[in-house]
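Below: one structure, written as structure tokens.
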Amino acid sequence: MHHPTHGRRNPFAVKPDPAHAAEACRILIGAYMDDPSHVDWNDVQEALGKALAAFQLPPDFIETEGGRWQ
């Protein structure tokens, strides 16, 4: 699937790896359950890493490519 304005393949159009996707969700949910008033940024970064891995994207995707898909 191509992004409507960029003509490039949308990296999120692929089916994510279920194990990595589930782990990202567990990390985020666990972080919130530990203290709903404050989620640790390290937990968010860890979850993001798992989410990127689920889509087979590089760890620096947000910094290098992410803004191009908005």
Side-chain angles (χ1 to χ4, degrees):
M1 175 182 291
H2 293 281
H3 191 280
T5 60
H6 301 294
R8 296 182 354 191
R9 183 182 158 276
N10 182 339
F12 301 109
V14 300
K15 182 178 178 183
D17 175 275
H20 285 297
E23 183 63 18
C25 290
R26 279 193 286 277
I27 293 166
L28 286 176
I29 292 167
Y32 178 80
M33 297 301 291
D34 288 342
D35 182 359
S37 66
H38 173 75
V39 175
D40 189 316
W41 183 243
N42 290 327
D43 291 334
V44 173
Q45 289 180 310
E46 183 181 0
L48 177 60
K50 294 289 183 180
L52 291 171
F55 287 95
Q56 300 175 2
L57 296 171
D60 65 347
F61 177 80
I62 300 300
E63 293 84 8
T64 61
E65 296 288 329
R68 297 180 188 181
W69 296 101
Q70 297 178 3

In short, ring pair (Phe, Tyr, Trp, His ring centres under 6.0 Å) pairs touching residues 17-37 with sequence neighbours left out are none

Here the ring pair (Phe, Tyr, Trp, His ring centres under 6.0 Å) pairs for residues 40-60, sequence neighbours left out, are Phe12-Phe55

Worksheet entry | same_hphob_cluster(Leu48, Leu28) at 4.5 Å side-chain heavy-atom cutoff | no

Counting only heavy atoms from other residues, nucleotides and ligands, does the tally under 6.0 Å from CD of Gln45 exceed 12?
yes

Residues at least two apart in sequence or cross-chain that pass side-chain contact (heavy atoms from CB on, under 4.5 Å) with Pro58, listed by chain then number, are Asp60, Phe61

Tightest non-hydrogen contact, residues Ala47 and Ala24, listed as O-CB, 3.4 Å

Between Ala31 and Val39 the two heavy atoms that sit nearest each other are CB-CG1, 3.8 Å

Interatomic distance, CG@Asp40 vs CD@Glu46, rounded to 0.5 Å, equals 10.0 Å

> Going by heavy atoms in the side chains, are Lys50 and Ile27 under 4.5 Å from each other?
Replying inline: yes

